[in-house]
Structure formats: structure tokens, C-alpha cells
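Every heavy atom of this structure was used, including side-chain atoms; hydrogens, water molecules and symmetry mates were not.
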Amino acid sequence: MPSTEELLKRLGVDIDPGTLRLALTHRSYAYEHGGIPTNERLEFLGDSVLGFAVTDHLYSQYPDLPEGDLAKRRSAVVSTRALAGIARSLGIGEFILLGQGEKLTNGKDKSSILADTMESLIGATFLNHGIETARQMVMRLIGPLLQDVDVLGAGTDWKTAIQEIAAARKLGTIEYRVTGSGPDHARTYVAVLHIGGKPYGEGTGPSKKEAEQESASVSWKMVNPEDTKAK
């Protein structure tokens with residue numbers, strides 16, 4: 001495991017060792033070590049800081065957008081998928097303290113665990129430095145996604161979106177055909193979405209759900225090429 005100094009360098013902030021360790025302590029690890037404190041309270045705090053920072057930015061930068069559109073853009077960049085993507089790009093999974101069960105099931109790459117830890121690190125930054133430094137860190141990490149929020153689908157649930165458009169256009173029944181490969185602790189899934197018996201988009205992920213979401217996203221862009229180009 002690389003040193004926590006490397007993690008702080010990637011985050012661009014200093015967090016005291018005790019708070020940093022708490023931010024990285026998953027409940028599975030805490031349970032196996034006598035019920036020590038977990039990162040869940042920091043996650044709760046970080047979620048609020050994240051929401052405030054993104055909301056403040058959107059409100060000031062998009063004065064003409066109605067509330068509904070602002071909410072969709074915020075949803076896009078504070079979603080589990082988006083936060084997990086940021087965490088993966090920073091290599092945060094290598095630093096998370098996990099119990100043996102989560103280690104065996106590749107917990108360090110689970111989107112839910114990565115996203116929660118990202119929030120706890122934001123909360124830890126707020127505790128150590130206050131709102132302004134935490135806000136700056138959020139914007140440094142989230143900023144690129146905000147610039148690309150339309151590509152993210154503005155928080156769209158792609159499975160719902162493709163189902164709605166398939167029904168509206170009478171394209172036929174939707175079916176996800178999913179296969180898995182690799183050992184149980186590090187399994188990779190591939191999903192191919194079939195609409196009316198015809199194959200469309202393919203997606204991969206560490207879980208069936210994520211593979212299906214990605215295949216739905218790819219399929220939506222195939223069904224709506226004009227919309228994709230416009231964005």
C-alpha cells in the first residue's frame with residue numbers, strides 16, 4: 001500500500017493522521033477490530049459539504065437555469081457513480097481499511113464503498129480546515145465533471161431512460177444479457193442490452209448493476225445519436 005502522504009498529495013490537502021485514518025475506516029474493518037469508530041459520521045458530514053459546494057457553484061454559474069435543471073446537474077456529479085469514478089482516478093481504494101470479507105470480494109473497487117469514502121475525506125477536510133478549503137477541494141475534483149455534466153446525463157438513471165425511449169418508440173422488449181468472469185473476489189461483469197432481440201450497447205463493471213447501467217448508457221447514445229452530437 002502506498003503511503004498516506006501520497007494520498008494527501010493526490011487530494012491536495014493536509015489531514016491530520018487521526019482524522020485521515022478515521023476517514024478511511026470502513027465499518028467492516030471497525031467491526032473486526034473491536035467496534036472502533038467508522039467513517040460513517042464523516043461521510044454524513046462530507047455529503048452535506050459536497051452538496052453545498054456544488055449547489056453554490058451551480059447557482060452562481062448558471063443564473064438562468066431553473067431549479068429542476070440545477071437539481072439534475074447537481075445529482076449528476078454527487079452520484080455514487082460520479083464519486084466512485086473520482087475515487088478510482090485518485091487510487092483511493094488502495095488506502096481504505098477493509099475487513100477480510102470485503103477484501104475477498106474486492107471491496108476496494110466497489111462503487112458504494114469508494115463513493116462513501118470520498119465523502120468521508122471531504123468531511124475530514126472540512127473538520128481540519130473549514131468550509132473554504134473543503135469547497136476548493138470539491139471543486140478541484142468535481143470541476144471537470146461539471147464541465148461535462150451533459151455527457152454524464154445530468155444524473156440520469158440510464159436503465160430507466162432507455163426503457164422509456166424504447167417503449168415510446170415501440171422498439172420492443174428490453175433484455176440485459178450478463179456474463180461474469182474471473183475469481184469470485186474479483187469478478188468482472190459484461191452486460192449487453194438487447195432491444196426487440198437486437199443487440200445494442202455493451203457495458204462492463206465490478207457488479208451486474210454497474211455493467212447494466214453502462215450498457216444502458218451506451219445504448220441510449222446509439223438510439224439518440226443526434227442528441228449526443230448536440231451535447
Side-chain angles (χ1 to χ4, degrees), residues 1-58 74-148 152 185-186 205-207 210:
M1 177 188 296
S3 70
T4 52
E5 285 80 7
E6 176 60 28
L7 172 59
L8 295 176
K9 183 179 178 181
R10 296 174 193 176
L11 292 172
V13 295
D14 287 322
I15 301 173
D16 73 74
T19 305
L20 179 59
R21 183 176 179 83
L22 179 60
L24 296 171
T25 301
H26 186 258
R27 64 178 176 270
S28 61
Y29 181 91
Y31 176 78
E32 291 182 6
H33 289 77
I36 62 174
T38 74
N39 63 1
E40 291 176 350
R41 281 171 55 85
L42 279 178
E43 174 198 335
F44 171 77
L45 179 61
D47 176 66
S48 294
V49 174
L50 171 66
F52 167 74
V54 172
T55 300
D56 178 57
H57 174 83
L58 291 171
R74 179 179 60 192
S75 176
V77 297
V78 303
S79 68
T80 295
R81 180 181 177 184
L83 291 175
I86 293 170
R88 287 191 182 99
S89 72
L90 295 172
I92 284 175
E94 298 297 328
F95 299 91
I96 303 173
L97 300 174
L98 296 168
Q100 289 303 312
E102 286 293 353
K103 284 183 179 179
L104 290 174
T105 56
N106 203 31
K108 67 180 182 180
D109 194 47
K110 288 183 180 177
S111 291
S112 58
I113 291 177
L114 287 170
D116 290 348
T117 305
M118 195 70 246
E119 289 181 334
S120 69
L121 288 166
I122 294 170
T125 302
F126 171 77
L127 273 188
N128 273 193
H129 300 286
I131 189 62
E132 184 55 28
T133 297
R135 187 190 66 78
Q136 289 175 7
M137 185 183 83
V138 167
M139 296 316 302
R140 187 167 60 250
L141 299 175
I142 297 287
L145 297 185
L146 284 166
Q147 300 303 316
D148 207 18
L152 280 175
H185 68 276
S207 69
E210 289 176 76

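Taking Ala87 as the reference, Ile92, Leu114, Met118 meet the side chain to side chain contact (heavy atoms under 4.5 Å, CB included) condition, with sequence neighbours excluded.
Once rounded to the nearest 0.5 Å, the distance linking CZ of Phe95 with CG of Leu24 reads 8.5 Å. To the nearest 0.5 angstrom, Asp56 atom CG is 11.5 Å from Arg74 atom CZ. Atom CG in Leu121 sits 12.0 Å away from atom CG in Leu50 (nearest 0.5 Å). The CG atom of Asn39 lies 10.0 Å from the CD atom of Glu119; values are rounded to the nearest 0.5 Å.
Residues Ser207 and Glu210 bring a donor and an acceptor atom of their side chains to less than 3.5 Å of each other. If you check the side chains of Thr105 and Lys110, you find a donor sitting under 3.5 Å from an acceptor.
In the displayed structure, Arg140 atom CZ is contacted under 6.0 Å by more than 12 heavy atoms of other residues, nucleotides or ligands.
Between the side chain of Arg10 and the backbone N or O of Leu90 there is at least one donor-acceptor pair closer than 3.5 Å. In this structure, Ser79 contributes its side chain and Ala82 its backbone to a donor-acceptor pair below 3.5 Å. In this structure, Ser120 contributes its side chain and Glu43 its backbone to no donor-acceptor pair below 3.5 Å.
In this structure, Ile113 and Leu98 have side chains that are in contact, with non-hydrogen atoms separated by less than 4.5 Å.
Applying the salt bridge (charged side-chain N to carboxylate O under 4.0 Å, His left out) test to residues at least two apart or on different chains, the pairs with a partner in residues 11-30 are Arg27-Glu40. Within the structure, ring-ring contact (aromatic ring centres under 6.0 Å, His included) contacts touching residues 6-31 (residues at least two apart or in different chains) are Tyr29-His33.
At a threshold of 4.0 Å, the pair Glu5-Lys9 does not count as salt-bridged, since none of the basic side-chain nitrogens sits closer than that to a carboxylate oxygen.
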